[in-house]
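What follows is a set of notes on a single structure, which appears directly below.
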Amino acid sequence: METKYIFVTGGVVSSLGKGIISSSLARLLLSRGFRVTIQKFDPYINIDPGTLNPYEHGECYVTVDGHEADLDLGHYERFTNVPTTRANNVTTGRIYQSVIDKERRGDYLGKTVQIIPHITDEIKRNVKLLGNTGKFDFVITEIGGTVGDIESLPFLESMRQLKWELGSNCVCIHLTYVPFLNAAKELKTKPTQHSVKQLQEVGIQPDILILRTEKDIPLAMRKKVALFCNVSPDAVIQSIDMPSIYEVPLMMHEQHLDEIILRKTNTPYSGEPDMKQWLSFIDKMKSAKKVVTIGLVGKYVELQDAYKSINEALFQSATHNGYKLRLVSIHSEKVNDNNVEGLLKDMDGVVVAPGFGQRGIEGKFVALKWCREHDKPTFGICLGMQCMVIEFARNVLHLEEANSTEMNPQTPYNVIDLMEEQKSISNMGGTMRLGAYNCTLKAGSKVAKAYGSSQISERHRHRFEFNEEYRNRFEEAGMKCVGENPDTHLVEVVEIPEKKWYIGTQYHPEYSSTVLNPNPLFMSFIKAAIDNQKN
Ligand code: GLN
């Protein structure tokens with residue numbers, strides 16, 4: 001079949017959950033046997049979000065092919081199980097960079113280069129790139145930001161042109177917000193009407209409206225919205241707040257979102273989506289009674305989205321193990337020798353988070369020392385793994401000033417050091433060791449047992465590494481290097497086998513954890529935490 005294109009725009013306010021709606025729709029279409037991918041356009045000028053800090057932008061997600069991406073791509077993968085790539089996340093910066101490169105090469109043959117048609121053509125080329133691979137029946141394109149923003153105009157103009165060119169092979173979903181005014185005890189649809197008007201002003205008529213709301217919107221009110229906005233009444237759908245984002249696909253299906261899309265795009269279909277596995281996950285989630293408590297030690301724990309993929313991976317694994325997850329945020333800057341016991345003793349397991357720079361690092365060492373000495377199941381991820389190594393060097397190998405050269409370039413014991421190929425790099429953007437690399441796991445290690453395999457591939461995002469020169473000293477003292485890159489022999493996993501579960505990974509296993517395929521190492525960690533609780 002010809003590829004169909006679905007655009008998802010947002011209006012009224014930001015953070016309405018376009019990513020969750022796109023992911024939910026993709027889940028439903030996949031469950032009907034269609035091949036689906038989701039991409040996101042971000043209207044900011046940065047080439048990618050890799051250089052943005054978590055206060056600006058939440059977590060930075062990493063694709064298999066090494067692209068530093070918007071965190072919505074994490075949702076896409078968690079819902080769909082379909083890996084994303086660089087082509088799934090494009091910013092205004094990338095669009096302009098590519099147009100300017102073409103201009104410098106002389107590709108435009110002396111023409112004046114303009115937003116229309118050159119920038120819009122480049123946007124359209126990027127929309128169709130995925131469709132043209134022949135691998136997808138549906139390409140869902142989420143436009144970041146809110147309708148009415150100056151910076152999203154070129155994207156909307158491209159969308160208008162594509163709708164015109166593609167006819168019924170292109171559909172626009174517009175997501176808005178219907179506030180409830182407590183004083184008037186009323187839901188208000190006026191902002192939605194205004195938002196649709198703004199879309200119409202730039203020549204786009206939405207085909208489907210999804211109204212985000214905290215209260216049930218009466219049918220009569222939905223009909224009114226349909227009438228005012230030129231949308232058929234059955235295509236006005238409400239998205240009421242759900243206890244879990246993973247229930248959104250079911251709520252969308254109840255209101256026939258998938259069928260409306262299939263009808264509007266003239267796509268033949270029959271029967272119902274096969275949501276068996278998904279429903280079984282939701283069942284487990286709802287029926288879980290027992291609680292597993294995990295402490296997450298990091299410097300951004302007050303930010304809801306900073307460790308998104310880790311939170312979700314823990315939640316998925318807890319659910320698959322039949323437990324509710326209680327995630328306790330532990331601010332690494334606030335952990336010290338006096339309070340560490342109080343903060344950690346009631347945790348069934350502890351995760352030490354990834355990160356960059358000095359802030360909060362000493363607290364991570366204190367937490368790790370306590371966990372190691374009290375045999376708590378402990379999981380160090382990226383910087384968390386590097387901290388495990390440094391703490392072990394300081395307190396077991398008695399190399400008191402051991403450090404990473406990231407934190408102290410003059411340290412006499414550089415147990416974590418800059419990777420050789422990073423030494424000549426001065427640009428910050430997109431230059432880390434990024435994306436999926438193979439890793440060979442040592443037979444008999446806990447980590448190999450967890451994966452049930454000695455050959456794995458996981459995603460990375462770092463500049464520093466375990467310093468090979470110290471390997472023997474660590475191994476003799478009980479911290480084993482149990483995973484390494486088969487080509488470069490970089491150490492990717494450390495483990496203290498005599499502990500219940502004390503494992504650090506240089507890679508980020510959270511990126512590959514999905515609802516239907518939870519990451520094996522997270523599964524194993526949660527099992528260890530549950531066992532620890534029972535004892
Ligand atoms: N700052 C460390 C490095 O660059 C760890 C990075 C991370 O935790 N993602 O190697």
Side-chain angles (χ1 to χ4, degrees), residues 48-55 57-64 66-69 71 74 296-301 303 305-311 313 332 350-365 367-368 378-391 393 402-409 411 414-437 439 458-468 470 481 483-485 488 490-494 503-513 519 521:
D48 59 48
T51 53
L52 294 173
N53 77 39
Y55 289 99
H57 204 261
E59 165 187 281
C60 178
Y61 189 74
V62 179
T63 60
V64 171
H67 177 64
E68 294 176 285
L71 58 81
L296 175 62
V297 183
K299 65 174 164 178
Y300 295 118
V301 284
L303 301 176
D305 285 339
Y307 305 113
K308 194 77 198 162
S309 295
I310 293 179
N311 299 354
S332 52
V350 172
V351 176
V352 180
F356 294 83
Q358 171 68 31
R359 184 166 72 87
I361 197 100
E362 294 299 326
K364 287 186 174 174
F365 298 143
L368 283 166
T378 309
F379 196 173
I381 300 177
C382 206
L383 180 63
M385 170 268 197
Q386 297 176 352
C387 289
M388 280 179 158
V389 170
I390 297 165
E391 187 280 319
N403 215 330
S404 163
T405 49
E406 179 181 5
M407 315 308 159
N408 175 11
T411 170
N414 52 342
V415 291
I416 302 291
D417 203 353
L418 197 59
M419 281 181 276
E420 203 45 50
E421 61 272 29
Q422 287 286 333
K423 290 186 177 157
S424 56
I425 289 174
S426 55
N427 263 1
M428 294 299 279
T431 55
M432 278 187 251
R433 181 172 179 241
L434 291 166
Y437 284 90
C439 175
E458 293 278 16
R459 297 176 220 184
H460 295 251
R461 182 175 187 244
H462 63 117
R463 291 187 205 282
F464 294 81
E465 59 163 322
F466 181 95
N467 184 346
E468 180 61 33
Y470 289 90
C481 302
E484 68 173 43
N485 182 288
T488 58
L490 287 182
V491 172
E492 314 280 34
V493 190
V494 296
I503 295 176
T505 60
Q506 185 60 77
Y507 56 77
H508 292 256
E510 69 274 21
Y511 291 145
S512 64
S513 194
N519 181 280
L521 203 51

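Computed over heavy atoms, backbone and side chain alike; hydrogens, waters and symmetry mates excluded. Indexing begins at 1, ligand by ligand and atom by atom, following the structure's order. All residue numbers in this chain count up from 1 along the given sequence.
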Kindly indicate whether a cation-pi arrangement holds for R359 with Y300, taking the cut-offs as under 6.0 Å to the six-membered ring centre and within 45° of the axis.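 Yes, R359 and Y300 form such a contact.
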Between ligand 1 and the protein, which N/O pairs fall short of 3.5 Å?
unit_1, atom_1, unit_2, atom_2, d
ligand 1, 1 (N), G355, O, 3.0
ligand 1, 1 (N), E406, OE1, 2.7
ligand 1, 1 (N), E406, OE2, 3.1
ligand 1, 4 (O), R463, N, 3.0
ligand 1, 8 (O), G355, N, 2.9
ligand 1, 8 (O), G355, O, 3.3
ligand 1, 8 (O), L383, N, 3.0
ligand 1, 9 (N), R461, O, 2.9
ligand 1, 9 (N), H508, NE2, 3.3
ligand 1, 10 (O), Q386, NE2, 3.1
ligand 1, 10 (O), R463, N, 3.2
ligand 1, 10 (O), F464, N, 2.9

Residue from I361, T411, N403 passing side-chain contact (heavy atoms from CB on, under 4.5 Å) with I390: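 Answer after filtering I361, T411, N403: N403.
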Please check this pair: side chain of E468 against backbone of L490, looking for a donor-acceptor N/O pair closer than 3.5 Å.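 Between the backbone of L490 and the side chain of E468 there is no qualifying donor-acceptor contact (under 3.5 Å).
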Does N485 use its side chain to pair, donor to acceptor, with the backbone of T488 at less than 3.5 Å?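 At least one qualifying donor-acceptor pair exists.
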E421: partners by salt bridge (Lys or Arg N to Asp or Glu O under 4.0 Å), with sequence neighbours left out: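 Here no residue qualifies.
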With side-chain hydrogen bond (donor to acceptor under 3.5 Å, both in side chains) as the criterion, how do E458 and T505 come out once you've worked through the C-alpha distance, each side chain's angles and the decisive distance to 0.1 Å? CA-CA 10 Å; E458 293 278 16; T505 60; over 6 Å; no
